[in-house]
Amino acid sequence: MSFDFIANEAKWRSNWANDESNTVDVNAMEDKYYVLVMFPYPSGDRLHMGHWYQYGLMDTWVRYQRMQGKNVFFPMGFDAFGLPAENYAIKHGIHPDISTTKNVNYMLEQFEKMGVSYDFNYKVDTSKPDYYKWTQWIFSTLYKNGLAYKKEAPVNWCPGLNTVLANEQVIDGKDERTGYEVVQKNLAQWFFKITDYAEKLLDNLETLDWPSKTVAMQSNWIGRSEGTEIEFAMEGHDWNFKVFTTRPDTLFGVTYVTFAPEHQKVLEITTDEQRDSVQDYIEQTAKMKEVDRLSTAKEKTGVFTGAYAINPVNGEKIPIWISDYVLVTYGTGVVMGVPGHDERDFAFAEAFNLPCRKVIQEPNTELSSTLKSAYTEPGIVLNSGKYDGMNSLEMKTKITNDLESNGKGQKKVNFRLRDWLVSRQRYWGAPIPIINCPNCGEVLVPEDQLPVLLPENVEFKPTGESPLRNCEEFYHTTCPKCGGPATREVDTLDTFVCSSWYYMRYPDAHNQAQAFDKDITYKMLPVDKYVGGPEHACMHLLYARFVNMVMHDLGYVPTAEPFTSLTHQGMILGPDMQKMSKSKGNAISPDEYVENFGSDILRLYLCFGFNYVEGGPWSEGGFKSASRFAERCARLMEEKVELLTSSLPEQSYSSADKKLLYVLHNSIKGVNQDTQRFMFNTSIARLMELYNAITDYENNSTAETINNFLMQQTLKTFLVLLSPFMPHFCEEWWQLSGEQQSIFNQKFPAHDNQFLQLDEIKMAVMINGKRRDEVTVSASSTEDQVLNVALDSTKVQKHLEGMQIIKQIFVKGKLINLIVKPS
RNA sequence: GCCCAGGUGGCGGAACUGGUAGACGCGUUGGACUUAAAAUCCAAUGUCCUUUGGACGUAUCGGUUCGAUUCCGAUCCUGGGUACCA
């Protein structure tokens, strides 16, 4: 008769639900430990294997932390707004609220079957008015503090459908569904002024316990660069324009200037002869993606405008071009072209036969005036008037100061980071709480009129405007200021706005009067451990930090940073090493495995088969290995059930006992160390070693000595060690071993060093860095003693024949390395 | 293209700050049990060779070091992100 994992799980799920063992009261909580896992978005799908991996294993981690005595707050919710539900509605005519709610309910069932200990009493759903009311409040708060504004920005416009498309809907410049060509079009959009916080977002990074790769990515994304803004005069116009450069030392090498094709002034400066080609080029550029525009592998394209600028340092007349490698969103939207000392400029000048002037000489080389490629390193300045002979690094400061005193330029810090575009021309999102009044202009909806409810009956006709525009009873309203007729903002908020503050809402999830009570956020924030995918490194994680910083500045939260410590989980791939997807047919459904094998075994496999941070491909064989181990454990417990409940005297330890105790304590040590740092796979490996040691002990014992106190205690410790990884299974056997309390109320075992002390150890003997033998020596051996034992080895002697030892390296407890040469 | 990771047996993966590469497991092979199979248990298992021994081996090439999977440089490949998927 074998153990019924599935029936056992059903029993404990209902027991745990009845005694509410998963829920905490934040008001009564002392010394909180807030563990947050990025919430799932039910807008498109249900929980898949990746979610199981993320949420199931974090439950294991949290169970472990609780058994370490931490008071864990471990909430869960749903990021329910988003594009997939809306697309589903367009395709199938099912309202997003219906499809999303259905998915949420299904996911809740899945979570239940997982046997996880998330606290659903603090659940949030971002698509419900009791949540998005406060998302709107976040918008209002930013707006009131001058951090939300409206300006024109380009969007992916599908002229065939009259709609805005998401980047992922545009494939090769075409709408993926209809094949219509997509162009960039300017629309008025709402932005959050995240750039105001660029410096602080960058500086604070070093205070965070985050993966270094995430810090590096965010730091590059913010992209601080120090340089100089230089003013160029226009020939034949009475205005100037600015360029930003990090290389003012190459100013004498400028042979042309390039505007971004979208730059406002382009059509103004273009001469009549050039107008047609410039206009063509602008249209072409509008069809391109930014990634392609910036590719340095792509051949450079551009058009001459017919206009000229004046170099402020030498009065030279230089041609003005437009080219797609210049972006209107970065710097001033104009760059100075220095073919001699910038690779892209070099390629551009080569393509259009523009002159290339050398103004920096490589140090320690013969002076020559020709350049075969751009020289981008520092060097000695030449062809630069009074700066000739200077070191180019020195010249940077000098010329910037000179330009500053002439009023022709200034030092400038530039960021690559752009303001956060938060408006979406979509239905399934939180409405932006703004009213446009013909008399009063842009008016914020007063707090007591929030939430601005998302109307239910909306048609998704492509009219070129947000779907909400078609809902007349939503669109037409009265102005909160003057009471006259007015219209509502019809754009909705980016779902990243919803997820930028959810961790503030969780501890006070049911507050009707405010987004959160300050006393509670001060008590419960910041999040102590945040876990989610690395794909969020630059967007969600940056947006959340920004919103938290603003809230901190306004006194709502205790710290500037929301997430003290961060870990990323890896991705579970299909057996074919590809990302799982329905369309590829390589998706593995967790539900099936839960039904056939039980959630403990699925969890055990996910723990054992992967490095948590890296993920990897699903493997049937790997799953089987977990299932076999689980069954072996069940057999062991079944055999020993009588022993577990007997009362036995303590004993003195034989050498076999000591061997078992060594493995036991080594496993305890390993499981503690590894689980803490998310190395679930090696934790399980240590438990397998312990299992093997238990069976070895049995095989080498006599009938009288098998069922002793040590065996009983080892088995019970084994159960506690395994409990975070197989919660239902261990809870059952803990109870069957006569315990009244839940196993999860146990303190997690700690190892005792006295059982890990070995009298004898094995050390490697190396000759010229190659391992030649292994010797057994007493653990306290000195270098000389080890050398003597090593020299006794015939293997070693063989390698020493005709050699003399010229050096020896001794690493205590590890090896001795003899360096020899022929004598 | 740019930013950031990763590349270790037939496979999943170990190896803490440079110190015995391949823990743990899957698979395979052989054996035990069985009428037989499954399950289970035991043993072997990086590759190659002239096999009581030895050479090679952590994507490739090079460097630093007594010693490199680990540090440095170059190259190739795979993955994540690239601002409207979340």
Side-chain angles (χ1 to χ4, degrees), chain A residues 2 38 40-41 43-44 79 81-84 87 155-156 164-170 189 211-221 223 289-298 325 329 416-426 494-496 499 533-540 542-543 568 570-571 573 577 579 608-611 614-626 628-629 631-632 635 670 673-674 677 679 681-682 684-689 692 695 699 762-766 768-774 795 798 806-809 811 813-815 817-819:
Chain A
S2 66
M38 289 180 188
Y41 70 107
S43 155
D79 191 11
F81 276 136
L83 187 62
N87 285 341
V155 294
N156 297 315
V164 178
L165 297 178
N167 284 340
E168 71 157 10
Q169 297 175 296
V170 183
Q189 305 277 347
S212 56
K213 73 159 186 172
T214 315
V215 170
M217 278 193 275
Q218 241 184 53
S219 164
N220 291 330
W221 183 265
K289 276 191 161 185
E290 200 176 293
V291 180
D292 302 323
R293 285 177 59 166
L294 290 176
S295 168
T296 48
K298 168 182 149 295
Y325 77 93
T329 48
R416 207 187 73 98
L417 181 68
R418 309 204 284 251
D419 274 339
W420 173 13
L421 199 167
V422 295
S423 48
R424 297 288 182 271
Q425 290 69 53
R426 303 195 191 287
D494 177 10
T495 53
F496 278 128
S499 59
E535 67 275 16
H536 292 290
C538 293
M539 301 181 70
H540 162 65
L542 193 64
Y543 297 146
H568 297 302
M571 192 188 286
L573 307 171
M577 300 285 276
K579 213 169 173 169
F608 180 60
F610 308 86
N611 173 314
E614 279 164 23
W618 175 271
S619 128
E620 273 316 302
F623 183 84
K624 196 175 139 197
S625 75
R628 263 171 64 165
F629 181 63
E631 270 157 28
R632 250 177 251 168
R635 273 199 301 275
Q673 274 177 358
D674 293 350
R677 53 191 186 114
M679 301 284 292
N681 52 350
T682 47
I684 303 295
R686 295 294 86 77
L687 288 170
M688 287 174 169
E689 279 169 5
N692 291 341
T695 51
N699 294 342
K762 286 178 177 167
M763 284 182 69
V765 183
M766 300 173 93
N768 285 347
K770 290 200 162 138
R771 181 173 173 276
R772 293 302 178 187
D773 201 5
E774 187 176 78
K795 285 182 188 171
K798 209 163 158 184
I806 51 170
K807 192 176 172 186
Q808 65 194 51
I809 290 121
V811 183
K814 299 267 183 191
L815 56 86
N817 188 6
L818 306 174
I819 311 305

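Letters A, B, ... mirror the listed sequences (proteins, then strands); counts begin at 1.
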### Task
Could you tell me which residues satisfy salt bridge (charged side-chain N to carboxylate O under 4.0 Å, His left out) with A:R416, sequence neighbours excluded, listed by chain and number?
none
### Query
With sequence neighbours excluded, what pairs up with A:K795 under the side-chain contact (heavy atoms from CB on, under 4.5 Å) test?
A:D773, A:S793
#### Entry: Nucleic acid footprint by protein, nucleotides 55-68 of chain B - heavy-atom cut-off 4.0 Å, B for base, S for sugar-phosphate alone
SS---------B--
### Summary
Across all chains, not counting sequence neighbours, the salt bridge (charged side-chain N to carboxylate O under 4.0 Å, His left out) partners of A:R677 are A:D674
### Query
Which residues satisfy the side chain to side chain donor-acceptor pair (under 3.5 Å) test with A:Y543, sequence neighbours excluded?
none
### Query
Which range-with-range stems can be found for RNA chain B when each stem has 3 or more Watson-Crick or G-U pairs in a row and both distances sit under 3.5 Å?
B:1-7 with B:76-82, B:10-12 with B:24-26, B:27-32 with B:40-45, B:46-49 with B:53-56, B:59-63 with B:71-75
### Task
Could you tell me which residues satisfy side-chain contact (heavy atoms from CB on, under 4.5 Å) with A:K814, sequence neighbours excluded, listed by chain and number?
A:V811
## Note on the structure
Residues at least two apart in sequence or cross-chain that pass salt bridge (charged side-chain N to carboxylate O under 4.0 Å, His left out) with A:R426, listed by chain then number, are none
### Set of ring-ring contact (aromatic ring centres under 6.0 Å, His included) partners for A:F608, sequence neighbours left out
none
#### Entry: Counterpart residues, side-chain contact (heavy atoms from CB on, under 4.5 Å), relative to A:N692 (two or more places apart)
none
### Query
For every nucleotide of nucleotides 42-48 of chain B, 5' to 3': is a protein heavy atom under 4.0 Å from its base (B), only from its sugar-phosphate (S), or from neither (-)?
-------
### Query
Reading nucleotides 81-86 of chain B 5' to 3', which nucleotides get B (base under 4.0 Å from a protein heavy atom), which S (sugar-phosphate only), which -?
SSBBBB
